[in-house]
Amino acid sequence: MAKVLTPRNEDFPRWYQDVVAKAELAENGPVKGQQVIRPTGFALWERMVSEMDDRIKDTGTENASFPLLIPQSYMQREAEHVEGFAPELWTVTHAGGKQLEEPVVVRPTSETVIGEYMAKWVQSYRDLPLLLNQWCNVMRYELRTRLFLRSSEFLWQEGHTAHATYEDAHAFTLRILHEVYADFMENVLALPVLTGLKTAAERFAGALNTFACEAMMRDGKALQMGTSHELGQNFAKAFDIQYLGSDGKQHHCWTTSWGTSTRMVGGLIMGHGDDSGLRVPPRLAPVQAYVMTVKAGDGVGEAAAALHAGLRDAGVRSRLDDRTDVPFGRRAVDAELKGYPVRIEVGPRDLAEGKAVLVRRVDGSKTPVGLDSVTEAVTQALEADQQALYDEALRFRSDNTTDVGTLAEAVEAAGTGFARLAWSECGLEGEAKAAEQGVTVRCLQRADGTVPDSDQEPDLVAVLARAY
RNA sequence: CGGGACGUAGCGCAGCUUGGUAGCGCACCCGCUUUGGGAGCGGGGGGUCGCAGGUUCAAAUCCUGUCGUCCCGACCA
């Protein structure tokens, strides 16, 4: 078979670009760092949005929409926040052909505008918690960009909540991390993620603590897939988000914010893809089953259409390809590039035996299946392959995670994967030193892998890796 | 933003050293034969050579600048 993609082990970044291009996921926009997401890529994002949105709403959070443009003065109200985002801001200085009196910034994130409105909407402890989310685009100026992984404009979801107490805000931050983010990533994206606490160096600008989900890509590098921040009372004080408590006194709220972006599409590609292209986990897949005619023949088109209809009736997201003007090989290769979990091939030879061929993307296996049992076989395959992808990714991560005793060993091990080192052995100095060699502390965990409440806990483990 | 490489048709590239009317493969269009793993043959369309200056009778080719892309760093979802 002709080589369609640069092999992963030959040049991983090139392989990634090849997949993005050949699977028709996205391409560069006309302005530096921007991206055009094509229908095949956007369909993946839409499925992510759908699954994530359900989980977000299950926490009682409601969607709303806030403006793209933010007064520059808002950004400046929280000192660390401005400082952290200043290098990434896009600023609008003109409108209607005239210079603006106060420049406005294009949102890099919306803590500030939303904080302003939270302050209006929260009056009493009875208004709490206030749980908001918005799906939108944000812009951050970036020096080095890569499709999906880092672009100047990207799509995301940002949740913003206000709570009466520290405990409630803290608990909610972790609830989002586990019940929404990690749950979605592991059960839908089939990507095992480490959940942990970010070090001060990696913390969100203006946050008390940042928690994150980190996944391992197939080149051993880490990708931060989502973050959940407890903002303490920093923004509440900057934006005067106060409530009257049952004690008759005014109190500042405790706020949180949390986000996941189109970067997850990049994670999906690099977490599951192989030398033939994308491999999309069935629960996520916009197209789960791809029914294709192999070649023209008596009753072939009809049989394929019937199988397609049967699958749809059974709730399978099926697509029919009955084209006869494109050779079989090209269509098969294309289906593999796009990572459709299963393919049903129907040709005259199969029909003569009353069968179709079930091809599974995960392992490439081909199994003849009686026409009557195609739907059942597909359903079972989808179920099994969702698990197979997760298991494979988990195994890869375990095989490439090393427990080490010194910083030097950690940096060495991070060349191929994750290194686990006692935080007491690493420390802020070790973190800075590793950073010089392109290795960062991805997160801090307790020895048993659970998420610490703060970096002051004893016996924490630092996970070090190279990262995207 | 520093270091390196590269911008020639939608994609991948040759041509540049030694200036002289722009080429190849794939993709695209038409026809016929094909369709069980990127089909074959024949015919055809498409590029002010990233952009702007300069040198020259003449610039894809030489010079300067600029923009963009990729890789490595610094900054980051």
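So that the names make sense, note that chain A is the first sequence line, chain B the second, and so on, each numbered from 1.
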Mapping A:Y141 and A:A296 to their closest nucleotides on RNA chain B, which lands nearer the 5' end?
A:Y141

Once you apply a heavy-atom cut-off of 4.0 Å, does A:S257 come out as touching a base, just sugar-phosphate, or nothing?
nothing

Evaluate the salt bridge (charged side-chain N to carboxylate O under 4.0 Å, His left out) criterion for residues A:E142 and A:K32: first the C-alpha distance (whole Å), next the side-chain angles of each, then the deciding distance (0.1 Å), finally the verdict.
CA-CA 9 Å; A:E142 294 290 348; A:K32 181 179 162 67; over 6 Å; no

Across the strands shown, which category fits A:P13 at heavy-atom distances under 4.0 angstrom: base, sugar-phosphate, nothing?
sugar-phosphate

Candidates B:G36, B:C70, B:A77 - which lies nearest the side chain of A:Q17
B:C70

B:G3 to B:C41 separation - P atoms, rounded to the nearest Å
49 Å

Is the phosphate of B:C71 approached by A:R14 (side-chain N or O, under 4.0 Å from OP1 or OP2)?
no

Identity of whatever pairs with B:C70 - Watson-Crick or G-U, under 3.5 angstrom
B:G4

Spacing of A:R144 atom CZ relative to B:U69 atom P, expressed in whole Å:
13 Å

Which nucleotide in the set B:G38, B:A39, B:A74 lies at the smallest distance from any side-chain heavy atom of A:P327?
B:A39

Does A:R343 make a side-chain N or O approach to OP1 or OP2 of B:G37 shorter than 4.0 Å?
no

Considering Watson-Crick and G-U wobble pairs with both distances under 3.5 Å, what does B:G53 pair with?
B:C63

Provide, to the nearest angstrom, the distance between the CD atom belonging to A:E24 and the P atom belonging to B:A27.
14 Å

Give a yes/no verdict on base stacking between B:A77 and A:F154: centres under 5.5 Å, planes within less than 30° of parallel.
yes

Think A:R77 forms a cation-pi with A:Y74, using NZ or CZ under 6.0 Å from the six-ring centre and within 45 degrees of its axis?
yes

Determine the contact category for A:A435: base if any of its heavy atoms lies under 4.0 Å from a base atom, sugar-phosphate if only primed atoms, P, OP1 or OP2 are that close, otherwise nothing.
sugar-phosphate

Is any side-chain N of the basic residue among A:E214 and A:K198 closer than 4.0 Å to the acidic one's carboxylate O?
yes

What nucleotide among B:G36, B:G38, B:A77 has an atom nearest to a side-chain atom of A:K22?
B:G38

Using 4.0 Å as the upper bound for N to carboxylate O, is an ion pair formed by A:D321 and A:R323?
yes

Side chain of A:E345 - closest among B:G37, B:G38, B:C71
B:G37

Mind checking who B:C32 pairs with, Watson-Crick or G-U wobble, both distances under 3.5 Å?
B:G40

Between B:G50 and B:A9, how many Å separate the two P atoms, rounded to a whole number?
8 Å

Closest-nucleotide 5' rank along RNA chain B - winner of A:G438 and A:V31
A:V31

Please give, in whole Å, the distance from B:A77 P to A:M139 CE?
16 Å

By the 4.0 Å heavy-atom rule, please label A:V138 as base, sugar-phosphate, or nothing.
nothing

I'd like to know if A:K366 reaches the base of B:G37 with its side chain such that a donor and an acceptor end up less than 3.5 angstrom apart.
yes

Expressed in angstrom and rounded to an integer, what is the separation of A:Q35 atom CD from B:G68 atom P?
17 Å

Nearest heavy-atom pair of A:W423 and A:V441: which atoms, and what distance?
CZ3-CG2, 4.2 Å

What about the rings of A:Y141 and A:F85, do their centers lie closer together than 6.0 Å?
no

Distance in angstrom units between A:L143 CG and B:C72 P, rounded:
15 Å

How many Å lie between CZ on A:R146 and P on B:G68, as a whole number?
19 Å

Using a heavy-atom cut-off of under 4.0 Å over every strand shown, decide if A:G347 touches base, sugar-phosphate, or nothing.
base

Any side-chain N or O of A:K32 less than 4.0 Å from the OP1 or OP2 oxygen of B:U69?
yes

Looking across every strand, which nucleic acid part, if any, lies under 4.0 Å from A:L149 by heavy atom: base, sugar-phosphate, or nothing?
base

If we take the P atom in both B:A59 and B:G43, what is their distance in whole Å?
35 Å

To the nearest angstrom, the CG-P distance between A:N28 and B:G50 comes to 18 Å

Nucleotide B:C70, atom P - distance to CZ of A:F12 in whole Å:
16 Å

On the ring face of A:F396, is A:R218 found with NZ or CZ under 6.0 Å from the centre and within 45° of the axis?
yes

Watson-Crick or G-U counterpart of B:G25, or none if no pair lies under 3.5 Å:
B:C11

